[in-house]
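Below is one structure, written out as structure tokens; the observations come after it.
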Protein chains: 2
Amino acid sequence: MRRDVFQAIADPTRRAIIALIALQSMTPNAIAENFDASRQSISKHLRILTECELVGQEQQGREIFYSLKIEKMKEIDAWLEQYRKIWETRFDQLENVLSTIKKQTK
Amino acid sequence: MRRDVFQAIADPTRRAIIALIALQSMTPNAIAENFDASRQSISKHLRILTECELVGQEQQGREIFYSLKIEKMKEIDAWLEQYRKIWETRFDQLENVLSTIKKQTK
DNA sequence: TATATATGCAACTTTTTGGTTGCGCAAAAA
DNA sequence: TTTTTGCGCAACCAAAAAGTTGCATATATA
């Protein structure tokens, strides 16, 4: 079973869950209330998010609070980094072209 | 058919294609040579990447060159931005805690 | 203690996805 | 002009994923 961050964030419901628990941890029931989906369906998404270590659990009596493990999000950031470099370079090149044109028209 | 950037980058082969054409545009055959996968399989991935506008095509005779539309990658960056804020805040809070401890031990 | 609540897990169904095969078309080469 | 090459597209298949249903279990509550 492929279970990485990229696969985890591919699903829109999971991205919504991530957004929801980003600031405070929540129980599956509380999370499910925000969606049309059933509790079981949300539970399954939570399991996937847990398996790829994007969220963590904390048991409190019979309730389980899920929270975002923000550290894991940095993995996506790290992947993006190489492309960020490219678009910054391209922007610089555009800058150069523009300033050359400017000089010529002077 | 759901076709967004997040779904596009979920597949490892597609991420590899993105990395491959990030710097120079390539034909499907040339791309496929870098994988075990068949040309048709790669073609299908290219179609998905094209549909979500992550890559662009340019016909040159009977060859078609595919290139990365780096602008689209910024969409992922924009999505990450909100979480980047969170992890920076948490880091600041940690900093505060640490400096408080430091002061107390002085 | 009996009942209600919060949750996970396994089995099953449906949908989606990734891959292959075969075909057609247009451009280049022979 | 015939053949080869580069490619897309549609049809099919198998595997994976998403969702549903029906439990089982543990913790609260009456």
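All heavy atoms count here, side chains included; hydrogens, waters and symmetry mates do not.
- Whole-Å rounding puts the B:Asp36 CG to C:dG18 P distance at 17 Å.
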>> Is there a side chain to side chain contact (heavy atoms under 4.5 Å, CB included) between B:Ser43 and B:Arg47? Walk through the geometry before answering.
In response: CA-CA 6 Å; B:Ser43 247; B:Arg47 179 145 64 117; over 6 Å; no

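- Nearest-nucleotide positions on DNA chain C place A:Pro28 closer to the 5' end than the other of A:Pro28 and B:Gln59.
- Across the protein-nucleic acid pair, B:Leu49 atom CG and C:dG18 atom P stand 10 Å apart, rounded to whole Å.
- The distance between atom CD1 of B:Ile42 and atom C1' of D:dG8, rounded to the nearest whole Å, is 15 Å.
- Between A:Asp77 and A:Arg84, at least one side-chain nitrogen of the basic residue sits less than 4.0 Å from a carboxylate oxygen of the acidic one, meeting the salt-bridge criterion.
- In terms of position along DNA chain D, the nucleotide closest to A:Arg14 lies nearer the 5' end than the nucleotide closest to the other residue of the pair A:Arg14 and A:Gln60.
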Can you tabulate the close N/O pairs, meaning under 3.5 Å, that link protein atoms to atoms of nucleotides 19-24 of chain D?
from, atom 1, to, atom 2, distance (Å)
D:dG19, OP2, A:Ser41, OG, 3.4
D:dG19, OP2, A:His45, NE2, 2.6
D:dG19, N7, A:Lys44, NZ, 2.6
D:dG19, O6, A:Lys44, NZ, 2.5
D:dT20, OP2, A:Ser38, OG, 3.1

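- Rounded to the nearest 0.5 angstrom, B:Thr27 OG1 and B:Arg39 CZ are separated by 10.5 Å.
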Extract from the structure each pairing of a protein N or O with an N or O of nucleotides 3-5 of chain D at less than 3.5 Å, listing the distance.
from, atom 1, to, atom 2, distance (Å)
D:dT5, O4', B:Arg62, NH1, 3.4
D:dT5, O2, B:Arg62, NH1, 2.8

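- A donor-acceptor pair is defined here as one N or O able to donate and one able to accept, closer than 3.5 Å; such a pair exists between the side chain of A:Thr89 and the backbone of A:Lys85.
- B:Tyr66 places its OH atom 8 Å from the P atom of D:dC7, with the value rounded to the nearest Å.
- When rounded to the nearest whole Å, the span between CD1 of A:Ile48 and P of C:dG8 equals 13 Å.
- Note that CG of B:Leu46 is 5.5 Å distant from OH of B:Tyr66, once rounded to the nearest 0.5 Å.
- The distance from the CD atom of B:Gln57 to the NZ atom of B:Lys69 is 9.5 Å, given to the nearest 0.5 Å.
- Regarding B:Ile64, its CD1 atom lies at a distance of 13 Å from the P atom of C:dA26, rounded to whole Å.
- The interatomic distance linking A:Gln7 (CD) with D:dA17 (C1') rounds to 8 Å, in whole Å.
- A:Arg15 has its side chain within reach of B:Phe6: a pair of non-hydrogen atoms, C-beta onward, lies under 4.5 Å apart.
- Annotation: side chain of B:Ile76 is not in contact with side chain of A:Tyr83 (no heavy-atom distance under 4.5 Å).
- Distance alone, capped at 3.5 Å, places no donor-acceptor pair between the A:Arg3 side chain and the A:Ile48 backbone.
- An OP1 or OP2 oxygen of C:dC9 is reached within less than 4.0 angstrom by no side-chain nitrogen or oxygen of A:Ser43.
- When rounded to the nearest whole Å, the span between CD1 of A:Ile9 and P of D:dA17 equals 16 Å.
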